[in-house]
Amino acid sequence: MFRVQCQAGSYLQAHREENRNVLCSEENLRRRNLLLVLVTSSIPLAFPSYGKTKGKNPYDEKRLLEQNRRIQKENNAPEDFPNFVREGFTVKVVASENYVKRDSGLVVWDIAVGKGDSPKAGQQVTFHYVGYNESGRRIDSSYVQGTPAKIRMGTNALVPGFEEGIRDMKPGGKRRIVIPPELGPPVGPSTFFSSKQFEVFDVELVSIQDCTRRTIGFYSDFVCN
């Protein structure tokens with residue numbers, strides 16, 4: 001009985017293997033026929049993507065530049081405003097020879113050079129400013145507010161790019177400062193800025209004041225004059 005069962009089992013197993021081979025052959029044949037139909041009917045096939053990157057097309061850069069210029073014109077951007085060719089996270093700044101790029105990445109244009117000494121850490125600077133985004137749209141202005149801004153230097157009260165931009169200005173000077181994202185303010189849900197972009201400021205340094213610490217009881221502050 002055991003030998004008969006074994007032979008019957010071997011026979012059934014061989015029969016199953018034969019049927020499976022036939023089914024595999026039929027399946028492969030159906031796949032080949034389907035592939036042939038897709039190719040001959042010009043239906044596009046989906047192949048895996050390997051992260052190919054397109055070569056940079058000069059016409060794309062020209063189109064983006066013209067687009068930025070058109071938007072800036074609509075926003076009444078000031079004269080000789082820098083252009084920003086942005087494609088994804090890649091940004092190229094296009095500006096005239098008036099602008100000078102520093103090692104830090106900051107870009108400045110001295111519209112008018114003032115007279116006297118530049119501000120030092122601990123001194124207070126009084127200045128007017130107009131802030132723009134990359135599209136040349138005005139986002140803030142002390143002239144509109146009707147009063148200049150006052151900030152003590154070296155107290156981290158300004159974003160790094162802005163403080164660097166006015167650090168070597170002189171009273172009466174006017175400068176356009178182009179601040180790259182890495183020298184700009186932090187971004188995120190808790191801040192006013194929602195994305196890392198270049199910022200442009202036209203700054204007029206009005207005056208510089210010395211400051212002294214004043215202490216009254218438990219109260220302490222600085223007086224600048």
Side-chain angles (χ1 to χ4, degrees), residues 53-114 118-119 125 127-145 148-151 153-170 173-206:
T53 57
K54 296 181 179 179
K56 193 168 185 180
N57 190 338
Y59 293 102
D60 289 343
E61 181 174 318
K62 181 179 179 180
R63 176 181 57 80
L64 293 170
L65 180 60
E66 291 299 328
Q67 178 180 335
N68 184 244
R69 287 174 175 170
R70 183 176 66 256
I71 295 175
Q72 288 183 0
K73 185 177 181 180
E74 294 173 355
N75 289 331
N76 296 317
E79 184 180 358
D80 202 8
F81 198 80
N83 292 109
F84 302 91
V85 181
R86 174 179 288 277
E87 191 165 14
F89 293 102
T90 303
V91 183
K92 180 179 180 180
V93 181
V94 180
S96 69
E97 295 180 353
N98 293 325
Y99 293 84
V100 177
K101 184 177 181 179
R102 298 182 174 179
D103 294 338
S104 64
L106 194 74
V107 180
V108 300
W109 171 28
D110 281 315
I111 302 173
V113 179
S118 298
V125 291
F127 59 93
H128 275 292
Y129 68 91
V130 182
Y132 305 89
N133 59 16
E134 292 180 2
S135 65
R137 184 172 62 87
R138 187 176 66 187
I139 57 177
D140 195 9
S141 172
S142 63
Y143 295 104
V144 174
Q145 296 172 9
K150 295 182 179 181
I151 296 291
M153 299 291 289
T155 60
N156 296 324
L158 297 170
V159 298
F162 197 100
E163 180 155 345
E164 178 185 342
I166 65 175
R167 188 182 299 151
D168 56 348
M169 290 184 68
K170 299 176 181 180
K174 295 181 180 180
R175 172 178 288 180
R176 180 167 293 162
I177 306 171
V178 183
I179 304 176
E182 58 269 20
L183 297 178
V187 299
S190 61
T191 66
F192 175 79
F193 300 94
S194 60
S195 62
K196 286 187 173 295
Q197 292 194 0
F198 281 78
E199 297 170 3
V200 182
F201 288 92
D202 285 346
V203 182
E204 177 186 0
L205 184 58
V206 178

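Predicted model, so just to flag it, every value in this text is computed and none were measured.
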If you compare all heavy atoms of Leu183 against all heavy atoms of Ser104, which two are closest, and at what distance to 0.1 Å?
CD1-O, 3.7 Å
Spacing of Ser135 atom OG and Arg70 atom CZ [to the nearest 0.5 Å]:
12.5 Å
What I want to check is whether the side chains of Asn133 and Gln197 have a donor and an acceptor closer together than 3.5 Å.
no
Salt-bridge criterion met for Glu164 and Arg167 (N-O under 4.0 Å)
no
Could you tell me whether the side chain of Asp202 reaches within less than 4.5 Å of the side chain of Tyr132, counting heavy atoms only?
yes
Using side-chain heavy atoms (C-beta onward) and a distance below 4.5 Å, is Phe84 in contact with Val93?
yes
Salt-bridged, Asp168 to Arg175, with N to O below 4.0 Å?
yes
Which atom pairs, donor and acceptor, lie under 3.5 Å between side-chain atoms of residues 154-162 and protein residues at least two apart or in another chain?
| unit_1 | atom_1 | unit_2 | atom_2 | d |
| --- | --- | --- | --- | --- |
| Thr155 | OG1 | Arg152 | O | 2.9 |

Heavy atoms, side chains only, cut-off 4.5 Å: are Val107 and Pro82 in contact?
no
If you define the side chain from C-beta out and look only at heavy atoms, does anything of Leu205 sit under 4.5 Å from Ile166?
no
Between Trp109 and Glu79 the two heavy atoms that sit nearest each other are CZ3-O, 4.3 Å
Taking the side chain as every heavy atom from C-beta outward, state whether Ile151 and Phe127 have any atom pair closer than 4.5 Å.
yes
Does a side-chain heavy-atom distance below 4.5 Å link Arg86 with Leu64?
no
With a 4.5 Å cut-off on side-chain heavy atoms, are Glu66 and Arg63 touching?
no
Contact between Asn68 and Val85 at the side-chain level, heavy atoms closer than 4.5 Å - yes or no?
no
Could you pull out the closest heavy-atom pair between Met169 and Pro119, with the gap in Å?
O-CD, 3.3 Å
Check against side-chain contact (heavy atoms from CB on, under 4.5 Å), Leu106 and Val178
CA-CA 6 Å; Leu106 194 74; Val178 183; over 6 Å; no
Verdict with reasoning, Asp140 to Gln145, per side-chain contact (heavy atoms from CB on, under 4.5 Å):
CA-CA 9 Å; Asp140 195 9; Gln145 296 172 9; 3.1 Å; yes
Nearest 0.5 Å please: distance from the CG atom of Asp60 over to the CG atom of Leu65.
12.5 Å
To the nearest 0.5 Å, tell me how far Ile177 CD1 sits from Glu163 CD.
11.0 Å
Do side-chain atoms of Gln72 reach the backbone of Pro78 as a donor and acceptor pair under 3.5 angstrom?
no
Residue pair Phe198 / Glu134: nearest heavy atoms and the distance that separates them
N-OE2, 2.9 Å
So how far is it from Glu61 CD to Thr90 OG1, rounded to the nearest 0.5 Å?
11.0 Å
